[in-house]
Every structure is written in C-alpha cells, then in structure tokens.
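So the structure is just underneath, and the comments pick up after that.
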Amino acid sequence: MQCAAESAPSSPACGDASPLATAQHESKTEASEEVLESAAGGPGDRSWGSDVSTTPPRSAATAATPDPVRPHPEEDTVGSASPSPQQTPEQGCRTTGSTDPSLASDQLSRSAPVQGEDKPKKKKKKAKPVVLNVASVSYDVISEVALERGWTLSEAVDEAKYASNLYWVDTIHISQHFSKLQPWQRINHFPGMSELARKSRMARNLARMEKAFPKEYKFHPKTWVLPDDMTSFKTNFDSQGRSRQMFILKPDQGTQGRGIFLTRNLDDRIMGMEGSAVAQKYLKNPMLIEGKKFDIRLYVLITSCRPLRVYLYKDGLVRLCTKDYEPPAADCTDEAGWAKAHLTNYAINKKSKDFVDGEDGTSGSKRSLKWFMRWVAEEYGQDQADKMWGRISGVCVKLLIAGLAQLVREYDAVWPLSKRDNAASQCFELLGIDVMIDEKLKPWLLEVNHLPSFKTDSPIDYTIKKALMQDTFELLKLSGGDAKQYRSQASSKARERLQATVVTASEAMDCGAAQELLKVEQEIKRRQTRGGASTDPEGMRRLQTRAVFLEKKAGKEREAAARRAVPAAEEAEAPPEADSQEVLGDYELVYPIVDREGDDIAKRERLRERYGNLVEASVGQQCSSIARLLSRSGPRAASPSPAGRPP
C-alpha cells in the first residue's frame, strides 16, 4: 500500500523504500516545505500538538545528527523504511515526512502565525524600587506613603550590606550619617541647620541681618540671648526690677512648651536660669479666631543650599488655644490658666478639657491652613489675603538667607567641591516654621523646628501630613536606578578627564620648555658623538645646566596643563536648569523667583534684586566676620618656656 496515492502517485512506497529513494524523497520533502513556508509568510513559531514534541522541526541533514544534549523526538522513526506495528501506514508516512500537499497544508495551518496576531513581546525589566532607610524613622505615615509608592523599606544600619536611596532621620543623632552617604544617596537634613533651629543662634543670625537691613528683618520679636545679653536685658527694668513690657522666656533647646513663662519682673526665675535661654518681647495684639489666640505651623522644603532652592507648602496646621485670650496680668503664676490662653503649643492644649478635635479642618482646636486663608479672604478681602501670604513667603525666604552662609560652609566641609562628582544636592530638609499673625495681618516668626512632628493623632493631622509626604517624595524625583546612573556618569566623566589630560599634556610637549629641552638634548647628543664635549667642556656644562632647568620647567607646564583639563569645581557644581514639568502638588517655589504668567514684572524684578542683595550681604558678612576672627587669633609671639621644656 502506498501512502497518499491519490495526491502523489509518483512518491515511493513507505514500506519498501530503497536508501537512494529515501534520500531523494527527503530532499523533495524539504524543498516542498520551503516552498509552502515561503507561500505562508515564513516558518513562525510552531505548536505541534500534544502528541508531538514542541521542539521546532529540523532539516533532514540536521535530523540525521543526534542532539548531544537532548535526543530529537523523531530520532527513532526518521530513516525507518517501515512503520512500527502500532502505527498505521498513514502515520508512518507522516513521521518520515511525506510530500502529500494535504498533510503539509494541515501542518502549516497549525504552525503558521495567524494574520494580525502580535508576536509575543519580550517582558520589560521591572524598574528597581527606591529603597528608604527607616532605621531612624519615628512616624508611621512616612513608611505608609513610601509603601504606597512601591518603595522598599530597609532597617539596615550597615549600608555596606544594603544600600538605600534615601535616609530619613527623626532623631537628634544626624551628623553620624553624613560621612556614610554615597554620592547617589540623600538624607533629610543639612549639616549646619542648627544655626536656625536653635533659638539663640537664630536670634544671632537675624540680629546680624537686621542691623544691615532693618526694614527687611522686622518680622522677629526683639530678642535677648541669656546670659550673654543679660546686661542689655536688665535695662528694660527699673530699680525694683519691674517693667511695663511683658516678656516671654524660652529655654534655648526646649520643646513642646516646656520651661516657658511670662513675666514683667526681673525675678529669681530669670536670674537663676540654668543653661542658655532667649527672652522676647511678648506680642500683645495677636489676631484672634473666635476669641482665641493661635499660631500657624508652616512646612518649608529646602532641596538645595548651593544654590538655595525653597518651597513653601500651601497647607499646614492652625493651632488654637483652648481658652479665650486676655491681655496677660502682671504676674502669670497660674500656669493652668495662662498657659492655655497664651501658649499655642499642641502638647499643652491637647490636655485641656476644652480641646475640640475637628475632623474636617474647618472647626475645632486644630484647623487647616487652607481653611484659614479662605477665612481671611472672607473677613478681610482677597487682596489682603494675597498680601499676607506674600509676607509669609518672604519671612521663610529671609530666614533661610540669614543662615545660608553657615549652611553652605558646613555642606562644603562635609562634601568638598573638589571631591563632589554629583551636581545634585545630597541633602534636603523639611522644616516646621511657626508664625503668628497680628491684628494688622503681619506675620511674626516664632521658631524653627528641624525635627517637626509627623504624628497623626487626629484626622486633620493624618490628612495634611500624608499629603505633605506624598508631595515631598514626588518633588525629590528619586529613582531606584540612581546608583547605576551615577556610576555610569562618573565613569564617563573620568574617561573624559583622562582623555583631556592626555591630549593637553601631549600638546604641552609640543611647545614651550618641552620643545626647547628637546633641542638642547639633541645638541648634547650631537656633541658627545662628534667629540665636542672634550674640545669645549665649558659649553657642554652650560648645555647640561640648561637641560636640567628646562626639564623642571617642562614638568611644571605639564602639571598646569593637566589641571586645566579638569573642569573647575564651580562648573561641576552648577545645578541643572529648572524643570518646567516639575510636579509641585501643593508646594510653591518661593526661591529663586521664577517668571509666572500674570505676575507684575516690575514687582518681580524688585523682589529678585532684594533677595539677591540679602544673599550677597549674608554670605559677605559671614566671611568678613570669620576673617576678623582669624586675624584676632593669628600667630602670637612665643613666650619663654619653663626651664627644661621645649618652646
């Protein structure tokens, strides 16, 4: 019986095929399959059904050679002239590769790709997640927002084992992390921020700037640092130690309202204070909400100090006292009474029975800044509300300018310009700045917190602080591939510097001292070969002396050329241009001053000039004060040392 007799009568019989006929048959089969494949548009990916292996078909020559790793599924049947007992003759022909067009078409119909069907795409590599180190995190909302963004949390202390993209530190032990940071890592604190967070240092910096710019820095109550300014502070009191002015005294490093008291008397509480403290004139005409005194917690994000870049969050917390405001008495001794009417600290008022926990931020003892701005617009008009917000922005920017010189100096001390490969800042800081508004809508700076609380005790806390963290992380533009990208950029820069150094050094060899040295060495060699050294020893000595001089000079020229090839540190430090597609959320860029549609151009330029003058003066004053300090502590004449001791 012949296989496929109706369709291919000339094909050889499967049962009695000679070796030559079998070879010719396999050759014709291969050619027939190539023709059919070209007509079908290519071989494509094939599925051979459950009874046949999914290994793609091979040519006759390839099939005849056993696979050294895995035997071909048809290895036992290809080349067999007769079907196995379990096979029908038709199955045997199919196994050996019959040229029957109907069978071949059936195979192609199952193997050829369907028209319009997409080929399977390669799976994209999953982006590497950002790693947030939470070993020093104290608040759950930070970890919660990070996880919602798909970040990975790490509690590793040893970064050699697990590198994080971001360190978030909520403890006072901050400086120990700076030296461990890799160039691609970031931390949520600047070295030197204590210049503004410590009450005494902030007062010194603001007083220094107020002396140069009295109109610009009238947003901070008159302050004395005790005990250093005790002599000046005593002038506010009469011979009996009494004053008409009410003063508020705060410990320099006190928090949550601890140790604060009001007084008009120079009594033992002041004279017996331990440690540093500040005394301020008490603001007696505050704005009131429903008869109660309040302050505002602002959130300010600094993403860079070189150059300075500041964002102000357009939401925050309005914290009300729990008792109605009354002008303070001569002697505030009833702490339970006066504290809850005059101190706006949440830690004090939350213990009061009159504390109301508002859920939506429009009522209660704690409300949202957005609600407050709407309330001011309704009570005083939108123009007045806009002016007040502009003054609040100015207070935040001028405050940071006052401490800018110290921030830059300490940042450069930790990450010197000469060793800094990354133009992006490795630090950012989210400050909590407390201000009070008086009855004339003027903001007054109270204090700065570089470790603000992110506790979410109430619904309004949770809503505002979670949104704040979401916008902060979005603005930082962190990526899990920061380390890889940095290494790639650093490698490219190193190759460029090396190439520029080699080229510049080789160019230096073609001119100047190197070129003259080459001529002198050639003359010395010529005289030595022709015997001129013996006939003119004096001339030979002069040439050798000249060669030594030129060799030193050429070495200096090569070093100078190599230094010129390396980019200046200031150029490497220049940050990238501002991103026009920056996602700010509820943040507002308040410094530097950028162009916005609808702004008053003349007003914007005046503000730009004012801030520029303040920055220049702040840095200049700091540098001149350091110069004066160094000149005072210059070298002194050596005093005679005691006998028997070296000077």
Side-chain angles (χ1 to χ4, degrees), residues 192-236 243 245-250 252 276-286 295-296 298 300 302 305 308 310 312 387-388 390-409 431 433-438 440-450 590-591 593 606-629:
M193 190 55 75
S194 59
E195 287 295 307
L196 299 177
R198 291 277 294 272
K199 298 178 181 67
S200 59
R201 296 182 186 178
M202 181 182 72
R204 295 293 191 201
N205 283 298
L206 292 176
R208 174 174 56 84
M209 293 298 293
E210 184 180 1
K211 187 175 181 181
F213 301 93
K215 292 183 179 180
E216 298 285 355
Y217 281 84
K218 283 292 185 183
F219 55 79
H220 187 239
K222 176 67 176 175
T223 305
W224 293 265
V225 178
L226 305 180
D228 296 345
D229 299 335
M230 183 63 76
T231 302
S232 174
F233 181 62
K234 286 181 179 180
T235 60
N236 295 285
S243 175
Q245 173 69 45
M246 178 66 72
F247 297 94
I248 181 169
L249 282 89
K250 308 174 184 178
D252 189 18
S276 178
V278 294
Q280 294 178 327
K281 285 186 176 182
Y282 186 73
L283 300 175
K284 56 185 179 182
N285 57 341
D295 73 351
I296 302 175
L298 301 169
V300 176
I302 305 101
C305 68
L308 183 62
V310 185
L312 174 61
K387 288 181 181 178
M388 185 188 71
R391 296 190 194 105
I392 290 175
S393 301
V395 167
C396 297
V397 173
K398 293 172 187 176
L399 165 69
L400 293 169
I401 289 176
L404 179 60
Q406 183 71 13
L407 288 179
V408 173
R409 187 168 66 250
L431 297 175
I433 299 180
D434 297 338
V435 299
M436 186 173 291
I437 311 297
D438 66 13
K440 296 181 180 179
L441 301 185
K442 178 182 177 180
W444 291 87
L445 174 66
L446 299 181
E447 61 184 43
V448 178
N449 297 273
H450 73 308
V590 293
Y591 190 86
I593 306 301
R606 287 196 302 270
L607 187 60
R608 226 176 241 162
E609 183 179 1
R610 283 167 53 197
Y611 284 164
N613 293 336
L614 294 178
V615 170
E616 184 177 355
S618 175
V619 177
Q621 287 181 7
Q622 191 75 19
C623 293
S624 57
S625 63
I626 294 173
R628 288 195 300 270
L629 181 63

Task: side chain to side chain contact (heavy atoms under 4.5 Å, CB included) assessment of V590 paired with Y611 - done: CA-CA 11 Å; V590 293; Y611 284 164; over 6 Å; no
- [ ] Decide side chain to side chain contact (heavy atoms under 4.5 Å, CB included) for L400 and V300; before the verdict, give the C-alpha distance in whole Å, the side-chain angles of both, and the deciding distance to 0.1 Å.
- [x] CA-CA 10 Å; L400 293 169; V300 176; 4.2 Å; yes
TODO: Determine, stepwise, if the pair F247 / Q280 fulfils side chain to side chain contact (heavy atoms under 4.5 Å, CB included).
DONE: CA-CA 6 Å; F247 297 94; Q280 294 178 327; over 6 Å; no
- [ ] Test side chain to side chain contact (heavy atoms under 4.5 Å, CB included) on T223 and K199 and set out the steps.
- [x] CA-CA 10 Å; T223 305; K199 298 178 181 67; over 6 Å; no
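With sequence neighbours left out, the salt bridge (charged side-chain N to carboxylate O under 4.0 Å, His left out) criterion links D438 to no other residue. Residues forming a side-chain hydrogen bond (donor to acceptor under 3.5 Å, both in side chains) with S232 (at least two apart in sequence, or on another chain): W224. Considering only residues two or more places apart in sequence or on other chains, N613 meets the side-chain hydrogen bond (donor to acceptor under 3.5 Å, both in side chains) condition with none of them.
Counting only heavy atoms from C-beta outward, the side chains of K398 and M209 never approach each other to under 4.5 Å. Taking 4.5 Å as the limit, every side-chain heavy atom of H220 sits out of range of all side-chain heavy atoms of L399. L298 is not listed as a side-chain neighbour of V395, based on a closest heavy-atom distance of 4.5 Å or more. Between M246 and K284, the closest side-chain pair of non-hydrogen atoms is not below 4.5 Å.
In this structure a side-chain-to-backbone donor-acceptor pair under 3.5 Å is missing from R391 to P443. Listed for the S618 side chain is a donor-acceptor partner under 3.5 Å among the backbone atoms of I401. Of the possible polar contacts, one joining the S243 side chain to the N236 backbone as a donor-acceptor pair under 3.5 Å is found. When atom types are taken as modelled, the side chain of D295 and the backbone of M436 share no donor-acceptor pair closer than 3.5 angstrom. D434 places no side-chain N or O within 3.5 Å of a backbone atom of L446 that could act as its donor or acceptor partner. Put simply, the side chain of R201 never gets that close to the backbone of M193: no donor and acceptor are under 3.5 Å apart.
Within a 6.0 Å radius of CD in E609, other residues, nucleotides and ligands contribute 12 heavy atoms or fewer.
Atom CZ of F219 and atom CD1 of I392 lie 12.5 Å apart (nearest 0.5 Å).
Closest of all the heavy-atom pairs between L308 and Y591 is O-CD2, 3.4 Å.
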